[in-house]
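Take a look at the structure set out below.
One-based numbering along the sequence shown. All values reported here derive from a predicted model rather than from experimental measurement. Note that these values count all heavy atoms, side chains included, but never hydrogens, waters or copies made by symmetry.
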Amino acid sequence: MKTPNPKILEIAQMADVSTATVDRVLHGRSGVRSKTREKVLAAAEALRKGELSASTRGNKNGLRVCVLLSEGGGSVNQTLRAALNKSAQAADVQLHFESSPRMDAATQAKALNKIRNGGFDGVILQPFEHPLVREEVAALTESGAPVVTLLTSLTHPIGTYYVGLDNRSAGRAAALLLGRLIRKQGKVALLIGGPLYRSHEEREIGFQSVIRRSFDDLRLLQPLDCSDDPDLIYREVTNLLETHDDLVGICSICGGVRGLDRALREAGNRPDLVTIAFNLTHLTRNALVSGTFDAVIHQDMTRIAERAISVIRGNGPNAERVSIVPTEIIMSENVL
């Protein structure tokens, strides 16, 4: 049986160099020392002949992976970061964390450009849906480094992997649950995080489609773009509660739920108001237990982190570019 050509990551692991270096050698580009070039070519040949496996490379330092997250992600990003660190430690992967300003595509693109020149063996990020970001991600994949997008994907994810929810399905689930819990006619408010996260756009599409198709007695208000800003969410929700006596439902598909929790607590008891948020954190857990929130649509960050690291290591479902985690519904009676 003919041994398949080795992957760039396998060669990099064997030669103890970055995937970018392997890519330069295999494509005959300059910038690589002759000794390193010989090592890469020897590793590639050994893998082709089946004489060695990447697991025998003896890389004491492990793979170097850069993680790019948005600033101000709150408890969700803290949970994700902790899960990535734990999974990486178990897999002998070294993580280097970078951050970019919230909802700033140009700065994220610059950060990705810097990362591309850093010689990393892989990149994990929450990408903004913007041409500048897509261009930099494409350049990263062309360099040979595996790129994993978490929680949100890109419209043209050529060469990338995605790990997270089926966000349109999650939006539909949130709408169906909200509609079933509401017991009277009235208005429904939807809080969105802005146009730069494809995940939020997909949740919004799924949510609106179910409300309009299945719940004729509910009137969906114009979605409120809150940019994941808890202070803005607080002001917007406070205004909603003051101006709409017939408000019967609120769904937040974005971050910044601290502002939503604060506004609802200050408004006092609204027994006819059903509230659903996304992602189980310490804050949303307390809101469920206290009755401020009725349900949380959740994605398991530990599972997401493990799958992302597995892809980087080359042990994941490399033939599958999309790895969907289950959409979980958490309520006060099943919260942990």
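- The side chain to side chain contact (heavy atoms under 4.5 Å, CB included) test applied to Ser214 returns Val210, not counting sequence neighbours.
- Interatomic distance, Tyr234 OH to Asp229 CG, rounded to the nearest 0.5 Å: 13.5 Å.
- Across all their heavy atoms, Ala263 and Leu241 have their closest contact at O-CD1, 4.0 Å.
- With sequence neighbours excluded, the residues forming a side chain to side chain contact (heavy atoms under 4.5 Å, CB included) with Ala295 are Leu177, Ile276, Met331, listed by chain and number.
- With hydrogens and angles ignored, the 3.5 Å screen pairs no side-chain donor or acceptor of Gln126 with any backbone N or O of Thr149.
- In the model, Ser169 has no side-chain atom that pairs as donor or acceptor with a side-chain atom of Asp166 under 3.5 Å.
- Considering only residues two or more places apart in sequence or on other chains, Arg134 meets the salt bridge (Lys or Arg N to Asp or Glu O under 4.0 Å) condition with Glu129.
- Using modelled atom types, one finds no donor on one side chain facing an acceptor on the other under 3.5 Å when comparing Thr152 with Arg198.
- Taken to the nearest 0.5 Å, the CZ atom of Phe120 stands 10.0 Å off from the CD atom of Gln94.
- In this structure, Ile297 CD1 and Ser252 OG are separated by 11.5 Å, a value rounded to the nearest 0.5 Å.
- Seen from the ring of Phe97, Arg81 counts as a face-on cation partner, given the 6.0 Å and 45° thresholds.
- Shortest non-hydrogen contact noted between Asp228 and Met103 is OD2-CE, 3.9 Å.
- In this structure a side-chain-to-backbone donor-acceptor pair under 3.5 Å is present from Thr284 to Asn279.
- Heavy atoms only, all atoms of each residue included: Asn167 and Arg203 are closest at OD1-NE, 2.8 Å.
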